[in-house]
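Data block below; observations after.
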There are 2 protein chains.
Amino acid sequence: MNLQAFLPYRLAVLSEAVSRCVSQVYGERFQLTRDEWRVLAALAESDAMKSTAAALYTTLDKMQVSRACTRLEGRGLIRRDEDPEDRRNKILRLTPEGRDLLDQVVPLVQAREADLLRALDFQERLALEQVLDKLLARARSISQSG
Amino acid sequence: MNLQAFLPYRLAVLSEAVSRCVSQVYGERFQLTRDEWRVLAALAESDAMKSTAAALYTTLDKMQVSRACTRLEGRGLIRRDEDPEDRRNKILRLTPEGRDLLDQVVPLVQAREADLLRALDFQERLALEQVLDKLLARARSISQSG
DNA sequence: TATTGTTATACTCTATAACTATA
DNA sequence: TATAGTTATAGAGTATAACAATA
């Protein structure tokens, strides 16, 4: 057994290091948790989004989304509107303040990502894309089958 | 902002999926936490190890190692001996029971890893190795510099 | 009866730092 | 004074499930 070469360990260490590196930006400067950041990032792409869609999109579960939204709403960064078509749903929307915050945080976070990717050449970036997709699909299929 | 394409997000999702997939083995069947598993895996390689060395090797901090060891010792899987050369140190060793457990769990965990890696061809595995190392080094250097 | 979202609860992790014993 | 390891504590995150409102 060689832990240093063990893929799950290496992925965990890398993911933690990368996450730390990015959460320095959205966490320390903008006081967002990872879940709040994910929900905001989801809303950055589509103006309005049901909670269930946000959960799917961010791979969070409904509680995590609910709690993140409570905090984001409390800070005035999003609204949660009723869905007239099905009043069980909540429709999440950025407020102007939320949009402002995103306009500040997104470039900084993307700069961090770019900085990370600068460690790789074009070929390596392409390879990484493929490999991440394939491993994720495999990991999910293994977990399901026990 | 496209969360799905955002590298830190993708790494976090993958790492979580892979970790879940592996901890099904050491967690459900052998009742080990991730930290306990890491400490045991470290001891699988060298018969005796100081706590500080174990912390470095597993990228855990001294508390995490201390607590994992308390539980492992409680289950009779490791011993913590005094270091005659410097009595502040604790020397960690597998007991025969710990060795037995490792002999059972390691092949299963490695089979999971092999199963994961079956998603990739030889070139992709090589590329993955390189890319993980480079990204980790970069992430650490970025975090340090703020 | 099923679904959406909220709340409750218990559990685990994490981070900081105080503490002890040695050096 | 510094280091190794333990313990304490508070805060954050996670998982399960109960619950209210709606369909």
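Note on naming: letters A, B, ... go to the chains in the order of the sequence lines (proteins, then strands), and numbering restarts at 1 for each one.
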When rounded to whole Å, the CG to C1' distance for the pair Asp81(A) and dG5(C) reads 15 Å
Val39(A) vs Leu60(A), side-chain contact (heavy atoms from CB on, under 4.5 Å): CA-CA, chis, key distance, verdict:
CA-CA 9 Å; Val39(A) 169; Leu60(A) 300 173; 4.3 Å; yes
By side-chain hydrogen bond (donor to acceptor under 3.5 Å, both in side chains), Arg138(B) pairs with (sequence neighbours left out) none
Taking only N and O in the side chain of Ser66(A), is any of them less than 4.0 Å away from OP1 or OP2 of dT6(C)?
yes
Partner of Glu82(A) by salt bridge (charged side-chain N to carboxylate O under 4.0 Å, His left out), out of Arg88(A), Lys90(A), Arg87(A), Lys50(A)
Arg87(A)
Any Glu124(B) side-chain heavy atom under 4.5 Å of Leu135(A) side chain:
no
For Arg93(B), what residues pass the side-chain hydrogen bond (donor to acceptor under 3.5 Å, both in side chains) criterion, not counting sequence neighbours?
Asp81(B)
Rounded to whole Å, how long is the line connecting atom CE of Met63(B) with atom P of dA8(D)?
14 Å
Hey, can you pull the residues of residues 40-57 of chain A with a non-hydrogen atom under 4.0 angstrom from DNA chain D?
none
Can Glu129(A) and Arg125(A) be counted as an ion pair, charged N to O under 4.0 angstrom?
no
So, the side chain of Ser145(A) versus the backbone of Ser141(A): is there a donor-acceptor pair under 3.5 Å, distance only?
yes
Under the side-chain hydrogen bond (donor to acceptor under 3.5 Å, both in side chains) rule, what do Arg112(A) and Gln24(A) come out as? Steps first, then yes or no, please.
CA-CA 10 Å; Arg112(A) 282 266 148 147; Gln24(A) 279 182 341; 2.7 Å; yes
Using a 4.0 Å cut-off on heavy atoms, which residues in residues 84-92 of chain A reach DNA chain C? List them by number, or say none.
Arg88(A), Asn89(A), Lys90(A)
In whole angstrom, what separates Lys62(B)'s NZ from dT6(D)'s C1'?
9 Å
Let me know the distance between CZ of Arg80(B) and P of dT7(D), rounded to the nearest Å.
8 Å
Need to verify one output field. Residue with the more 5' nearest nucleotide on DNA chain C, Thr70(A) or Asp61(B)?
Thr70(A)
Could you walk me through whether Arg118(B) and Asp115(B) pass the salt bridge (charged side-chain N to carboxylate O under 4.0 Å, His left out) check?
CA-CA 5 Å; Arg118(B) 217 163 283 133; Asp115(B) 209 2; 3.0 Å; yes
Do Leu108(A) and Arg29(A) make a side-chain contact, defined as non-hydrogen atoms from C-beta onward lying under 4.5 Å apart?
yes
Run the ring pair (Phe, Tyr, Trp, His ring centres under 6.0 Å) test against Tyr26(B) and tell me which residues pass, sequence neighbours left out.
Trp37(B)
If you restrict it to nitrogen or oxygen atoms, what contacts under 3.5 Å exist between nucleotides 11-14 of chain D and the protein, and what is each distance?
residue: dT14(D); atom: OP2; partner: Gln64(A); partner atom: NE2; Å: 3.0

Between CG of Leu60(B) and P of dC13(C) the distance, given in whole Å, is 11 Å
To the nearest Å, how far apart are Glu28(B) CD and dT12(C) P?
15 Å
